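Beneath this line is the structure, given in structure tokens, with notes to follow.
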Amino acid sequence: MSQQQLGRGPLRVPGPPGPATPGGSPPTRFVGWLGRFGCVAAGYAVFQFLFGVLPDSIDGEPAKYLISGLSGFATAGMTWLAAALLRARTAGPAALTAPAPLAPNAPGPLPQVFTSAYDTLAAQIAVVDDPVRGRLVGWPHSLQELDGPARPTSLATAYGLHIVLDLGVPDGRLHTGDLIDTLWRLRLQGGGWSARSQGSVARPEVTAMVLGALARAGASRERLADEVARCEAGFTRELDGTGRALTHVVTTVMRGLLRAAPDAPTVPVLRGALVDGALSDPQRQHRRCWSHRLSPLPWVGHPAQPSALHTAQAVVALDRAARVLGEGPVERSAREDGVRWLLACPATAHDSCTDLAHLREEVRRPHPDDSSHHEVLNVRHFTASWIVRALLTPGAQEIARQDGVEDAWRDRLNGAVAAVWAAQTDGIWSWSRDGAMFTTTEEMRQPIWMTYQGLSALRAHAVWMYQPDPRTRPV
């Protein structure tokens, strides 16, 4: 993205200078008159004056000519400089040059992307009068549902609420109160929330995601506390061994609880499990990183594979936990190793390297009603957006400065941002695999979570890039 697209530069253009005092001060009028009289004329007048008044005791007429001539030249030069300075001061500040217009086929600036995203969300919001739950206002999983009428889901509406909070509410087409009410109405009968494919049993990653959105929107602490307690009680190794073994699930629960209940006892426990689940990668100087699992399966013969996506998710979760809880040397070392592992990407083109490839994983749990079957949640990951968020954490920037690798950090960040930007059209992101868009109803063409992650990454990058223009600073 160009600097103009990111809004880098002054927020406002200075107005025209105030009216000058008629005539100016006496020194100003004198210098102005002297400048108009002419530098050469002023110098010649000084020459003639000195030649006439210098005493005859000076050694001969050549000396008188030399002294008078040098004085005349000096007077002419000083008169010219004084007149130029006066003109510069009275002319006022130079007008700021407007940014060059973008090419017709170039992407619009970031504010335009935000506006387009808001307009799309407002146009595609689903309103359903449910006979049991009441009026539901939100979004389905995809902004282009192809398999029947659109109906709000808890996970998609939580992501939509995050987007609305990021973009602000410029008008009444989207109302945060309606979205908050809908999320509470979509709560399961026994408490908590689940994804559309997970049935009627609450799942911790979805519950934590919804709780984080509600907390950010200002939901009651007392009401949140009951759901936080249920989420913690169900997210144990005995009750949810599958979720506790997956990096994605653990980091999602950590981020949600850090928003909804930063003092929850489960948060430091999950952080410890995340740190213990890191692995060493000999391909990148034995830096610690993360795979999709925190503990290997006992019947799998090959070792866990490092994953840029899951390493980025772990770095984000550990950085947020450090700001809320503080961190010891063990946690700090793991977080810093994760950042250094991301910076050690060996590729040369960081907008298309393998570290940015989209990933899919399955969360398979035993079905609550039939243990012979599995409940399957297909999770798609927008990897580039996670890389941006990880590299923009305060801890990552500090490490880059300490290690003297700010250029490498900037190259990898700019590459990931370019990949995020390239995936959107008018502020909406579309899921793709191998460069081809899915066309079947089994795949979501425009998942709302992807739009949230794309907008969030670009917004964070724009905030980092912004530098005030010194000409706009108050005196």
Side-chain angles (χ1 to χ4, degrees), residues 1 5-7 102 104-128 135-183 186 195-196 209-210 213 216-217 358 380-382 384-385 388-389 417-433 436-463:
M1 289 187 294
Q5 290 169 346
L6 286 172
L102 296 173
N105 59 345
L110 196 56
Q112 181 180 336
V113 169
F114 286 174
T115 299
S116 298
Y118 184 89
D119 290 342
T120 300
L121 290 177
Q124 299 196 23
I125 193 167
V127 180
V128 175
R135 186 171 182 264
L136 304 178
V137 180
W139 292 272
H141 280 46
S142 175
L143 292 174
Q144 287 185 345
E145 284 283 1
L146 304 176
D147 54 351
R151 181 180 176 84
T153 67
S154 55
L155 196 57
T157 302
Y159 278 115
L161 178 56
H162 274 301
I163 296 175
V164 172
L165 294 174
D166 275 351
L167 300 182
V169 186
D171 52 53
R173 289 177 293 170
L174 298 177
H175 195 278
T176 55
D178 293 338
L179 304 177
I180 294 172
D181 291 342
T182 295
L183 287 174
L186 289 173
R196 184 168 55 180
M209 173 64 193
V210 173
R216 188 181 173 197
H358 292 347
R380 300 165 178 82
H381 297 292
F382 188 9
S385 70
V388 172
R389 293 161 75 178
V417 170
V420 172
W421 181 266
Q424 62 86 28
T425 302
D426 294 331
I428 301 299
W429 274 256
S430 299
W431 177 264
S432 62
R433 180 176 58 186
M437 299 297 176
F438 294 119
T439 57
T440 66
T441 58
E442 298 176 356
E443 303 292 350
M444 297 181 295
R445 290 177 56 86
Q446 293 182 341
I448 193 170
W449 58 263
M450 192 174 187
T451 289
Y452 162 67
Q453 292 179 359
L455 291 172
S456 178
L458 292 184
R459 180 175 176 270
H461 186 246
V463 171

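None of these values were measured; they are calculated from a predicted model. Computation of the quantities below employed the complete heavy-atom set of this structure, encompassing side-chain atoms and omitting hydrogens, waters and symmetry-equivalent molecules.
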Determine whether [X] and [Y] make a side-chain contact, defined as any pair of heavy atoms from C-beta on separated by less than 4.5 Å.
X	Y	value
Pro152	Val128	yes
Arg459	Asp166	yes
Arg196	His141	yes
Arg151	Leu136	yes
Tyr159	Thr451	no
Leu121	Leu174	yes
Gln446	Trp431	no
Tyr118	Asp171	yes

* Check the pair Val137 / Ile125 against side-chain contact (heavy atoms from CB on, under 4.5 Å), numbers first and verdict last. => CA-CA 7 Å; Val137 180; Ile125 193 167; 3.4 Å; yes
* Applying side-chain contact (heavy atoms from CB on, under 4.5 Å), run through Ile448 and Leu155 and close with a yes or a no. => CA-CA 9 Å; Ile448 193 170; Leu155 196 57; over 6 Å; no
Taking all non-hydrogen atoms of both residues into account, name the closest pair between [X] and [Y] and its distance.
X	Y	answer
Trp139	Ala156	O-CB, 3.3 Å
Ala384	Ala419	CB-CB, 3.9 Å
Leu167	Ala117	CD1-CB, 4.4 Å
Phe382	Val420	CZ-CA, 4.0 Å
Arg445	Ser142	N-OG, 4.0 Å

* Would you say Thr153's side chain and Pro140's backbone share a donor-acceptor pair under 3.5 angstrom? -> no
* Structure fact -> Contacts of Thr115 meeting side chain to side chain contact (heavy atoms under 4.5 Å, CB included) (sequence neighbours excluded), chain-then-number -> Asp119
* Show the numbers, then the answer: is there a side-chain hydrogen bond (donor to acceptor under 3.5 Å, both in side chains) between Arg380 and His358? => CA-CA 7 Å; Arg380 300 165 178 82; His358 292 347; over 6 Å; no
* Identify, with sequence neighbours excluded, every residue that meets side-chain hydrogen bond (donor to acceptor under 3.5 Å, both in side chains) alongside Ser154. => none
Which value, rounded to the nearest 0.5 Å, describes the distance between [X] atom [atom1] and [Y] atom [atom2]?
X	Y	atom1	atom2	value
Leu161	Asp178	CG	CG	11.0 Å
Arg135	Asp181	CZ	CG	9.5 Å
Leu183	Met209	CG	CE	9.5 Å
Ile180	His175	CD1	NE2	9.0 Å
Leu110	His461	CG	NE2	10.5 Å

* To do: Using the test ring pair (Phe, Tyr, Trp, His ring centres under 6.0 Å), find all partners of His381 that sit at least two apart in sequence or belong to another chain.
  => His248, His310
